[in-house]
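Each remark here refers to the structure printed beneath this line.
Since the structure is predicted, the reported quantities are computational estimates derived from the model, not experimental observations. Start at 1 and go down the list; that is how both ligands and their atoms are numbered.
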Amino acid sequence: MAPMAVPIPFVREMGFTYGEAEEVSPLVRRVVARNPSLFTLYGTNTYLVGRSQVAVIDPGPALKEHRAALRKALGGATVTHILVTHRHLDHCEAAAALAAETGAVLAAGTPGTAGALHAGHSHEEDVDSTFAPLAALRAGSRLEGPDWRIEVVPTPGHTSDHLCFSLPDEGLLFTGDHVMGWSTSVVIPPDGDMRAYVASLRLLQSRREKTYLPGHGPQVADPPHYLAALIAHRAEREAGILSALAGGRHTIPAIVELVYAAIDPRLHPAAGLSVLAHLRALVAERRVVCHGELGLEAAYRFH
Ligand SMILES: [Zn+2]
């Protein structure tokens, strides 16, 4: 495969210590959970916004050590809000217990009707089916503490319920798994939707936040440049998939082998799901025909 025309400027380095809260801005602290993996890098970033009355963004996995670290970082502060970017376990597993313990409002987006995720994904990407937030957040929903206000920015794509949270006074956007500085996002149909994902990237292009704080890995310092690279990357992948089809590769494994030749083979199952996400959009747009049930096993052709 030809080298990528649009390299994405990934950054993996991040200074942190498990169990310690790091200040990332005057109003925001980050505590990293110890659930490292191929999909989470060092683990899940839990963010604490505010000082005396705190919003916790993505409480993370239910790990005793992480819970203790959050308790220590919170000190005598009151948790007033628990905000969840999306219903993947690595982001929200600890949410219900934290809400029960603190009495905070637990709030998240609303999932679409597409239902369960496709088989073959990682544990981190499992949906928490028991997750029951008290409040459903929508575009423009506002949340406030004495020294902070947060605006809700729906960004479906990685999942149908995915939200970003803006802290306009500091020019920050909490981006969950929608935009991460070290990796592209996994888009798993049917809940994940490639066209929605790219539309949500374009939505962020129209916004003014200067720095992104993702759910995993370091901050993104140059959002306009980074978003442009992510969008170009997906267009390039789709062009690669179309040319693989034109070249006689009709199954997802055969397409992955060609289009994702450069990535770690351990990521090929996730890549297959991303190819499926592109094909699903192309089939819906009648540019590609699916033979068999739309999924990982089907054959795909132009007619
Ligand atoms: Zn996720």
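- Asp177 lies close to the Zn ion (ligand 1), since one of its N, O or S atoms is found at a distance under 2.8 Å.
- Counting heavy atoms from C-beta outward, Leu48 and Arg30 have side chains that stay 4.5 Å or more apart.
- By the 4.0 Å N-to-carboxylate-O rule, Glu238 lies close enough to Arg287 to be salt-bridged with it.
- Comment: Lys210 does not engage Glu170 in a salt bridge, judged by the lack of any side-chain N to carboxylate O separation of less than 4.0 angstrom.
- The NE2 atom of His86, the Zn ion (ligand 1) and the NE2 atom of His158 define an angle of 100° (nearest 10 degrees).
- Take the N/O/S atoms of His88: the one nearest the Zn ion (ligand 1) is ND1.
- For the pair Asp147 and Arg51, the salt-bridge criterion is not met [side-chain N within less than 4.0 Å of a carboxylate O].
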